Amino acid sequence: MPGTHPRELGLLSDCESCFGLCCVALPFSASADFAVDKDAGRPCTNLRDDFRCSIHSRLRERGFSGCTVFECFGAGQKVSQVTYAGRSWREAPETARQMYAVFPVMRGLHELLWYLAEILALPAAAPVHDSARALLEETEKLTRESADVLEGFDVAAHRERVNEVLLRASELVRHGLDGRQHRGADLIGARLRGARLRGANLRGAYLIGADLRGADLRQADLIGADLRGADLTDADLTGAIFLTQAQVNAAKGTPATRLPATLTRPPHWTASAPEPRAPRRPTKPRRSRPRR
């Protein structure tokens, strides 16, 4: 049986052991997050021959803040070192197309492992621990399948199965807190300073540019919530469930922001955050996963 800590499960990114897959396999468009356009399967111009980024320490100032937000949950090194046994797409160009196709599948599976492992660390979710553990073992086994199996695997269908357990765990953790129901809500630019959101259901909510300074988000369900540019200064997210490092990286905060123990404070968070300005209303991103 695999362990349940993110490190034991290999869910923490190790770029040193990856073939720069996020810099090659994924596309991006010129925007506030990326300075240029890049097609899927084409290496970023900043990717060096040793698979390192030539502007890693200057990504934000060079217009690539999107790179500092992305999190692969350790999928990059799993594909590089396990699925392809350390043989890169440069060494074996014939593997490139399939490797790029396998990478997002692996990322999806690793994200689910993150959530399932979190359930097992929640005492209140004990009634679903057996189900979560069984799904964790099944999912971890899937990550070690061959490239052919992974390329054709239906992650969306597997996610639906896992989501049933995630929903039940969320209900158990938030039970008795009378949290607000904001599932999938449009809260773009919302003024929520000091809001009492303890135990709230914010699954898939759009919180882009929201003012959440000093908000109480303890035990809130934040799975899939879009926190790009949200101001979390002085906010309390201790005990918030299904929150990922990528979501935290996309938000703004300070050393006073309280986070779950499994997450780290992003290096770009400053000692003090400026007064938020009303954001331009962005287009809602298309969701590639089932509705939360």
Side-chain angles (χ1 to χ4, degrees), residues 1-15 17-18 22 70-83 102-145 150 153 155-175 199 201-204 217-225 227 237-250 258-266 289-290 292:
M1 172 184 167
T4 57
H5 189 278
R7 190 172 301 282
E8 292 178 285
L9 288 167
L11 305 181
L12 303 178
S13 298
D14 178 10
C15 297
S17 300
C18 179
C22 64
F70 181 77
E71 172 58 52
C72 78
F73 297 97
Q77 67 256 27
K78 176 69 76 63
V79 173
S80 300
Q81 303 302 327
V82 178
T83 312
V102 166
F103 174 61
V105 173
M106 186 69 78
R107 184 185 183 277
L109 292 173
H110 271 223
E111 182 183 7
L112 294 177
L113 285 174
W114 178 279
Y115 296 142
L116 290 166
E118 183 174 345
I119 288 177
L120 295 176
L122 298 171
V128 294
H129 278 184
D130 287 347
S131 297
R133 187 173 291 105
L135 281 168
L136 185 145
E137 292 178 11
E138 179 185 343
T139 305
E140 202 279 334
K141 184 177 179 180
L142 283 169
T143 68
R144 298 183 180 279
E145 289 284 4
L150 288 166
F153 185 71
V155 179
H158 189 64
R159 185 182 292 272
E160 289 293 339
R161 291 177 56 213
V162 172
N163 198 43
E164 293 179 11
V165 179
L166 298 179
L167 283 167
R168 180 61 182 140
S170 175
E171 292 169 354
L172 289 165
V173 170
R174 296 182 298 106
H175 178 70
N201 183 352
L202 289 160
R203 295 169 67 90
L217 289 157
R218 290 174 294 169
Q219 285 81 48
D221 185 343
L222 288 162
I223 195 168
L227 292 170
L237 293 98
T238 52
I241 57 174
F242 306 136
L243 180 66
T244 68
Q245 191 66 50
Q247 288 170 291
V248 171
N249 291 346
R258 282 154 285 185
L259 296 172
T262 54
L263 303 178
T264 59
R265 188 165 284 102
R289 63 186 64 171
R292 301 291 187 184

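Values in this document were obtained by computation on a predicted structure and should not be read as measured data. Because only heavy atoms are used, hydrogens play no part in the values below, and waters and symmetry mates are left out as well, while side chains stay in.
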If we ignore hydrogens and angles and just use 3.5 Å, is the side chain of [X] paired with the main-chain N or O of [Y] as donor and acceptor?
X: Glu140; Y: Leu9; value: no
X: Gln81; Y: Ser17; value: yes
X: His129; Y: Pro123; value: no

Which pair of non-hydrogen atoms, one from [X] and one from [Y], has the smallest distance, and what is that distance?
X: Arg174; Y: Gly199; answer: CD-O, 3.2 Å
X: Leu116; Y: Ala132; answer: CD2-O, 3.9 Å
X: Asp221; Y: Ser170; answer: OD2-OG, 2.7 Å
X: Leu112; Y: Arg159; answer: CD2-NH1, 3.7 Å
X: Leu222; Y: Ala240; answer: CD1-CB, 4.0 Å
X: Gln247; Y: Phe242; answer: OE1-O, 3.6 Å

Report the distance from atom [atom1] of [X] to atom [atom2] of [Y], rounding to the nearest 0.5 Å.
X: Leu109; Y: Leu11; atom1: CG; atom2: CG; result: 11.0 Å
X: Ser131; Y: Leu166; atom1: OG; atom2: CG; result: 11.5 Å
X: Tyr115; Y: Asn163; atom1: OH; atom2: CG; result: 10.0 Å
X: Leu172; Y: His175; atom1: CG; atom2: NE2; result: 8.5 Å
X: Gln245; Y: Phe73; atom1: CD; atom2: CZ; result: 9.0 Å
X: Leu136; Y: Glu118; atom1: CG; atom2: CD; result: 12.5 Å

side-chain hydrogen bond (donor to acceptor under 3.5 Å, both in side chains) partners of [X], counting only residues at least two apart:
X: Gln77; answer: none
X: Arg168; answer: Glu171
X: Arg218; answer: Asp216
X: Thr143; answer: Lys78

Going by heavy atoms in the side chains, are [X] and [Y] under 4.5 Å from each other?
X: Leu202; Y: Leu217; answer: yes
X: Phe153; Y: His158; answer: yes
X: Leu243; Y: Leu227; answer: yes

Charged N-O contact under 4.0 Å between Glu137 and Arg133: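 Judged by the 4.0 Å cut-off on N to carboxylate O distance, Glu137 and Arg133 do not form a salt bridge.
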Pairing residues for Phe70 by the ring pair (Phe, Tyr, Trp, His ring centres under 6.0 Å) criterion, not counting sequence neighbours: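 None.
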For Phe103, ring pair (Phe, Tyr, Trp, His ring centres under 6.0 Å) partners two or more places apart: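 For Phe103, no residue satisfies ring pair (Phe, Tyr, Trp, His ring centres under 6.0 Å) once neighbours in sequence are set aside.
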Within 6.0 Å of CG in Asp14, more than 12 heavy atoms from elsewhere: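 Counting neighbours around CG of Asp14, more than 12 heavy atoms of other residues, nucleotides or ligands fall under 6.0 Å, so yes.
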